[in-house]
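Numbering of ligands and ligand atoms starts at 1, following listing order. Side chains are part of it too, since the values below use all heavy atoms of this structure and drop only hydrogens, waters and symmetry mates. We number each residue from 1, following the sequence as shown.
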Amino acid sequence: MTTYAPSRPLGDPAFHDEYLRLVGDGDEYAATRMALDLLDDGVPAQRIMIDLIGGTQARVGELWAGNEWSVAREHAATAVNERVLAALAAQVHTRPHRGRITLACVDGEWHGLPARILAETLRMDGWRVDFLGASVPGPHLITHLHQTGPDAVALSCMIPTRLPRAHAAITACRAAGVPVIAGGRGFGPGGSWAQRLGADAWAGTAEEAVDRLADDWPPPPAPEFPAAQLGDEEYTHLVRSRPQLIEIAMQRLGAAYPAVHHYDAQQVDATREDFGHIADFLAASLYVGEPQIFRDFTAWTASVLTARDVSVTALRVGLRLVRDQLIDFPAAIRTLDLAIADLPRP
Ligand code: B12
């Protein structure tokens with residue numbers, strides 16, 4: 001696929017700021033107009049989708065994470081971005097001539113827009129794409145493969161907690177005889193965890209995926225992967241004991257971090273949810289055998305807490321409360337210790 005240099009005004013930061021403002025105001029019509037005007041000016045649709053819509057979506061999420069936008073504003077902005085993408089896609093017609101691809105987000109994966117951008121980019125390159133959307137349960141994905149017989153499955157995973165499900169999906173697709181191209185930052189830097197989970201290929205961006213599928217598909221069969229190393233005893237224990245782990249941590253939190261006594265009901269719920277994220281990221285880290293997954297998560301959480309004026313001490317205490325319950329699990333303890341050591345000192 002040809003790589004185009006961003007043209008003005010797409011290369012102009014002020015243009016992106018203006019689009020972000022419209023998206024943040026929920027001004028769907030003006031945002032759509034901006035994108036369609038670019039298309040009329042000859043800017044390739046894939047550049048508008050990836051640079052403008054994709055780039056803006058990353059900023060939308062960051063504004064939410066930085067506590068500058070509420071979750072409602074983020075959701076509304078995401079919806080506008082999706083509508084603009086659909087409006088653009090409706091303007092571009094490419095007759096399918098390459099083959100058929102099933103594109104799905106892994107079960108529990110709600111970051112749907114990156115996969116949607118990929119779907120439209122592949123369509124423009126001549127693939128017939130069945131886009132199944134966010135959070136597709138494995139069995140439904142496999143049923144779809146049996147019904148449609150695609151040449152590839154493209155599997156999107158933006159967050160590592162979904163990697164065990166991604167592994168199940170990849171294994172099932174390969175067993176059904178359909179090679180898998182994986183993508184999304186959940187698969188780790190350079191897609192290294194995609195390979196460990198048995199994907200046939202990985203691509204970092206929609207453009208790389210287009211190139212990979214056009215030049216080298218189907219790929220030579222991927223080597224057998226050591227599935228037995230994935231999801232060991234520690235992982236299984238952690239997943240099974242998740243509810244108790246969270247409840248006990250919540251019960252002990254008051255003694256370890258007295259500020260929690262002043263929390264309102266909403267803050268208590270958010271804290272319980274945070275313990276759920278800790279358990280899920282730790283489980284994913286154990287599953288893949290990669291402590292970095294958990295350390296990236298805690299480092300990011302520390303930055304989000306700081307943005308919300310919550311002391312990082314709360315996170316440190318939370319991690320210790322989880323650690324205290326896992327003393328018989330050496331890999332979990334090692335991972336938690338690394339994450340605790342990473343946290344900024346008070
Ligand atoms: C927007 C966003 C959200 C929105 C999602 C809205 C939506 N409906 O999509 C909201 C605010 C709801 C959200 C929620 C959460 N998020 Co979020 N989110 C983001 C953010 C800022 C942008 C994602 C995005 O859309 N980027 C724009 C796209 C276009 O960029 P892109 O990645 O370059 O896309 C390309 C590639 O990924 C590739 N690609 C994607 N899929 C596929 C598939 C295949 C087969 C191929 C080949 C390629 C491919 O092609 C795309 C186009 O070129 C990212 C951080 C970031 N800067 O990316 C965090 C991020 C993904 N989120 C994160 C987290 C932790 C969460 C939450 C758990 C937060 C929480 N505590 O609740 C939840 C989980 C929700 C869930 N269960 O899925 C983390 C993931 C952790 C990690 N270590 O990787 C990230 C990385 C933030 C961080 N830590 O820095 N999030």
Asp342 and Arg295 ion-paired at < 4.0 Å: yes
Residues Asp17, Arg59: salt bridge by 4.0 Å N-O rule: yes
Contact partition for Trp64 relative to ligand 1, non-hydrogen atoms under 4.0 Å: side chain
Ile117: numbered ligand 1 atoms lying under 4.0 Å from its heavy atoms: 29 (C)
Test item: protein heavy atom less than 4.0 Å from atom 27 (C) of ligand 1: yes
Heavy atom of the protein closest to atom 65 (C) of ligand 1 (residue, atom name, distance): Trp300 CZ3, 3.5 Å
Ion pair check, Asp280 and Arg242, cut-off under 4.0 Å: yes
Numbering as shown, the atoms of ligand 1 that approach Ala209 to under 4.0 Å (heavy-atom distance): 47 (C)
Close-contact set for ligand 1 against Ala58 heavy atoms, below 4.0 Å: 21 (C), 22 (C), 57 (N)
Location of contacts on His277 toward ligand 1, heavy atoms closer than 4.0 Å: side chain
Top protein contact for atom 46 (C) of ligand 1, by heavy-atom distance: Gly183 CA, 3.3 Å
Heavy atom of protein inside 4.0 Å of atom 32 (O) of ligand 1, strictly below: yes
Subset of ligand 1 atoms that lie under 4.0 Å from at least one heavy atom of Ala203: 46 (C), 47 (C), 48 (C)
ILVMFWY network linking Leu85 to Tyr29, side-chain heavy atoms under 4.5 angstrom: no
Ligand 1-proximal atoms of Glu74, by part, heavy-atom distance under 4.0 Å: side chain
Shortest heavy-atom approach to atom 7 (C) of ligand 1 - which of Trp202, Phe281, Phe294, Trp110: Trp110
Protein contact of atom 13 (C) of ligand 1 - nearest heavy atom, named by residue and atom, plus distance: His111 NE2, 3.5 Å
Shortest heavy-atom approach to atom 36 (C) of ligand 1 - which of Pro114, Pro160, Gly204, Gly188: Gly204
Close aromatic pair by centroid cut-off 6.0 Å: Phe294 and Phe281: no
Side-chain H-bond candidate by donor/acceptor type, Gln57 with Thr78, under 3.5 Å: yes
Same cluster (ILVMFWY, side-chain, under 4.5 Å), Ile340 and Tyr257: yes
Top protein contact for atom 53 (O) of ligand 1, by heavy-atom distance: Ala206 N, 3.0 Å
Side-chain (Arg123) to main-chain (Thr94) donor-acceptor, under 3.5 angstrom: no
Under-4.0 Å protein heavy-atom contact, atom 4 (C) of ligand 1: yes
Heavy atom of protein inside 4.0 Å of atom 62 (N) of ligand 1, strictly below: yes
NZ/NE/NH1/NH2 to OD/OE distance under 4.0 Å, Arg83 and Glu28: yes
Per-atom contact, atom 88 (C) of ligand 1, protein heavy atoms, under 4.0 angstrom: yes
Atom indices of ligand 1, in the order listed, that fall short of 4.0 Å to a heavy atom of Gly54: 27 (C), 29 (C)
Lys/Arg-Asp/Glu bridge criterion (N-O < 4.0 Å) met for Glu247, Arg272: yes
Electrostatic pair Glu208:Arg212 at N-O distance under 4.0 angstrom: no
Proximal atoms of ligand 1 relative to Glu62 (non-hydrogen, under 4.0 Å): 21 (C), 57 (N)
Donor-acceptor contact present, side-chain Glu234 to main-chain Ala331, <3.5 Å: yes
Shortest protein heavy-atom distance from atom 41 (N) of ligand 1, along with the residue and atom involved: Ser156 OG, 2.7 Å
contact_flag Gly186 ligand 1 heavy-atom lt 4.0 Å: no
Arg252 and Asp324 ion-paired at < 4.0 Å: no
Atom pair CD1 (Ile101) and CG (Leu118), whose distance is rounded to the nearest 0.5 Å: 7.5 Å
Trp64 with Trp110, same ILVMFWY side-chain cluster at under 4.5 Å: no
Non-hydrogen atom of Ile181 closer than 4.0 Å to ligand 1: yes
Nearest-neighbour protein heavy atom for atom 77 (N) of ligand 1, which is reported as residue plus atom name and distance: Gly108 O, 3.4 Å
Test: Asp107 and Arg162 ion pair at under 4.0 Å: no
Gly61 neighbourhood, listing ligand 1 atoms whose heavy-atom distance to it stays under 4.0 Å: 1 (C), 21 (C)
Residue pair His111 / Glu109, side-chain donor-acceptor N/O under 3.5 Å: yes
Heavy atom of the protein closest to atom 39 (N) of ligand 1 (residue, atom name, distance): Gly184 N, 3.7 Å
Atoms in ligand 1 with a heavy atom of Ala154 nearer than 4.0 Å: 45 (C)
Option whose closest heavy atom lies nearest to atom 23 (C) of ligand 1, chosen from His75, Arg59, Glu273, Met158: Met158
Side chain, backbone, both or neither: the part of Leu155 lying under 4.0 Å from ligand 1 by heavy atom: backbone
His167 and Tyr287 aromatic ring geometry - parallel, tilted or perpendicular at 30°/60° bounds: perpendicular
Closest protein heavy atom (residue, atom, distance) for atom 68 (C) of ligand 1: Ile159 CD1, 3.6 Å
Option nearest atom 55 (C) of ligand 1 (shortest heavy-atom distance, choices Arg185, Glu109, Gln46, Arg116): Arg185
